[in-house]
Visitor: 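Please see the structure below; I have some questions.
Note that these values count all heavy atoms, side chains included, but never hydrogens, waters or copies made by symmetry. Both ligands and their constituent atoms are indexed starting at 1 by order of listing.
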Amino acid sequence: MRDVEHASRSDHVSPHQARAGVVLGQGDDCALLAPSSDCRLAVSVDTSLADVHFPRDASAGAIGHRALAVNLSDLAAMGARPRWFVLALTLPEVNEQWLEGFARGLYDLAHKHDIALVGGDITRGRELSITITVHGDVPGDDAITRHGARPGDLLAVTGTLGNAHGGLRAWFEGQRDECHPLVAAYLRPAPRVHEAMSIRGKVTAGLDISDGLLADLNHLCTRSGVGAHLDASAIPLDPALVASLGASDALEAALNGGDDYELLLALAPEQEAAIREALGGTLHVIGRVTSESGITGITSTGQGWQHFQGQGLQGQGQRSNDHGTGATP
Ligand SMILES: Nc1ncnc2c1ncn2[C@@H]1O[C@H](COP(=O)(O)OP(=O)(O)O)[C@@H](O)[C@H]1O
Ligand SMILES: Cc1ncc(C[n+]2csc(CCOP(=O)(O)OP(=O)(O)O)c2C)c(N)n1
Ligand SMILES: [Mg+2]
């Protein structure tokens, strides 16, 4: 255990220890943190499991990066500024070299987003499992939520969709180059933290896309009590994805593949110019919010990622549509 603690406290952590708001970091029974008085605290937890969220033969650095990235993406979804995280690690064995790589992937991303590791827990168990709880802050009532979308709002996404699913498929077909653009999108997602902070207060609702565009749009619509109409031809697809999967499977990957960690936003049309200025070419309008429930404009039989539907790669794209959205052309 001492080895693990050493690796998770190695010298690239120390710059974070002194950062603002950490009264007492690792080493005692709890961390003591001082949230900003004018801010709300944003808290979220996500677990990453070998062969469920990442392939067990991915590099240790990619596993560390990805486990933190998906949590940072939840802070981005709310427009929160990353502050602190805690890490619960279950390992089948202690491998010093693996831990060094894991720590490097994790801390490089932590450093990039100025988030400090303030505590954790390490246990031995059969499967590799990483649970991270992130804390962020957001001023006043500016948090981006799922519940504010209104009929007439535009729907938009950042970046392109489906690449990570293309990378997952490439990995299972034997592609092991982690620098391959689609594989990198899957293993090393780039959470839209700065983008989200620059548009909070300007959007009516938003969330990050982890389960797939249709599934997460459905979450937003349900929470807001609205429906949506999508323009299939406006869904942004990377030419590399279309080249890899063909146009039809690329669209299906974008709609239902998941793992994108892009933002899905609802915004009043009069805010579009300001948001486009903040986000530049990353913003793509893909439809609008409607008053009738259900998602129209898209024909798809998929329903995004569901942990308890016996999913695996074989099941992707072969599931029936029961997400209750009534997706129709
Ligand atoms: N086991 C649980 N206990 C309490 N709340 C949960 C649990 N699982 C999910 N939730 C809550 O349900 C909401 C949706 O969770 P989830 O689908 O995991 O969203 P996300 O994609 O943002 O991680 C979140 O507010 C989350 O905190
Ligand atoms: C090895 C592997 N198989 C399949 C997937 C696809 N996948 C697994 S979980 C998931 C959805 C996101 O994970 P979840 O635990 O639901 O995160 P949350 O929505 O809570 O952020 C997807 C698309 C993957 N990422 N890796
Ligand atoms: Mg979650």
Visitor: In terms of relative ring orientation, are Trp305 and His307 parallel, tilted or perpendicular, with 30° and 60° separating the classes?
Guide: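 Rings of Trp305 and His307: perpendicular, as their planes differ by over 60°.
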
Visitor: Does Tyr186 have a heavy atom less than 4.0 Å from any atom of ligand 2?
Guide: yes

Visitor: Does a sphere of radius 6.0 Å around CZ in Arg276 hold more than 12 heavy atoms from other residues, nucleotides or ligands, not counting ones at 6.0 Å or beyond?
Guide: yes

Visitor: What part of Arg146, side chain from CB on, backbone N/CA/C/O, both or neither, has a heavy atom under 4.0 Å from ligand 1?
Guide: side chain

Visitor: Quiz question: by atom type and distance under 3.5 Å, do the side chains of Asp38 and Ser36 form a donor-acceptor pair?
Guide: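 Asp38 vs Ser36: no donor-acceptor pair found between side chains.
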
Visitor: Does atom 20 (P) of ligand 1 have a protein heavy-atom neighbour under 4.0 Å away?
Guide: yes

Visitor: Specify the protein heavy atom at minimum distance from atom 18 (O) of ligand 1: its residue, its atom name, and the distance to 0.1 Å.
Guide: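 Ranked first by proximity to atom 18 (O) of ligand 1 is Asp46 OD1, 4.3 Å.
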
Visitor: Heavy atoms only, cut-off 4.0 Å: how does Asp74 contact ligand 1, side chain, backbone, both, or neither?
Guide: side chain

Visitor: Protein heavy atom under 4.0 angstrom of atom 23 (O) of ligand 1, is there one?
Guide: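 Within 4.0 Å of atom 23 (O) of ligand 1, protein heavy atoms are found.
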
Visitor: Relative to ligand 1, is Leu207 under 4.0 angstrom through side chain, backbone, both or neither, heavy atoms considered?
Guide: neither

Visitor: Under a 4.0 angstrom heavy-atom cut-off, which atoms of ligand 2 come close to Asp259?
Guide: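 Under 4.0 Å from Asp259, ligand 2 has these atoms: 5 (C), 6 (C), 7 (N), 10 (C), 22 (C), 23 (C), 24 (C), 25 (N).
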
Visitor: Assess, by modelled atom type and distance only, whether the side chains of Ser59 and Glu178 contain a donor and an acceptor separated by less than 3.5 Å.
Guide: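 A pair is found: one side chain offers a donor N or O, the other an acceptor, under 3.5 Å apart.
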
Visitor: What atoms of ligand 1 come within less than 4.0 Å of a heavy atom belonging to Ser210?
Guide: 21 (O)

Visitor: In terms of atom number and element, which parts of ligand 2 are under 4.0 angstrom from non-hydrogen atoms of Gly257?
Guide: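 Reading through ligand 2 atom by atom, the close ones are 23 (C).
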
Visitor: Counting from 1, what ligand 2 atoms have a heavy atom of Arg66 closer than 4.0 Å?
Guide: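 Listed by number with element, the hits are 25 (N).
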
Visitor: Tell me, which protein N/O/S atoms are under 2.8 Å away from the Mg ion (ligand 3)?
Guide: Asp46 OD1

Visitor: Atoms of ligand 2 less than 4.0 Å from Asp51 heavy atoms?
Guide: 1 (C)

Visitor: Could Arg40 and Asp141 be called an ion pair, given the rule that one side-chain N must be under 4.0 Å from one carboxylate O?
Guide: yes

Visitor: If you count the atoms of ligand 2 from 1 in the order shown, which ones are under 4.0 Å from a heavy atom of Asp211?
Guide: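 Once the distances to Asp211 are compared, the set is 11 (C), 12 (C), 16 (O), 19 (O).
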
Visitor: Contact between ligand 2 and Arg56 is defined here as a heavy atom of the residue under 4.0 Å from a ligand atom; is it met?
Guide: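 No heavy atom of Arg56 comes that close to ligand 2.
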
Visitor: Yes or no, since that's all I need: does a protein heavy atom fall within a distance strictly under 4.0 Å of atom 27 (O) of ligand 1?
Guide: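 There is no protein heavy atom less than 4.0 Å from atom 27 (O) of ligand 1.
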
Visitor: Would one find an N or O of Asp46, backbone or side chain, under 3.5 Å from an N or O of ligand 2?
Guide: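 Min N/O separation from ligand 2 is below 3.5 Å for Asp46.
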
Visitor: Mind checking the CG-CG spacing from Leu68 to Leu87? Nearest 0.5 Å is all I need.
Guide: 9.0 Å

Visitor: What atoms of ligand 2 come closer than 4.0 angstrom to any heavy atom of His307?
Guide: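 Near His307, meaning under 4.0 Å from one of its heavy atoms, ligand 2 has 9 (S), 13 (O), 14 (P), 15 (O), 16 (O).
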
Visitor: Check this for me: Gln175, atom CD, are more than 12 non-hydrogen atoms of other residues, nucleotides or ligands nearer than 6.0 Å?
Guide: yes

Visitor: What protein heavy atom is closest to atom 17 (O) of ligand 1, reported as residue, atom name and distance in Å?
Guide: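 Residue, atom and distance for the closest contact: Asp211 OD2, 4.8 Å.
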
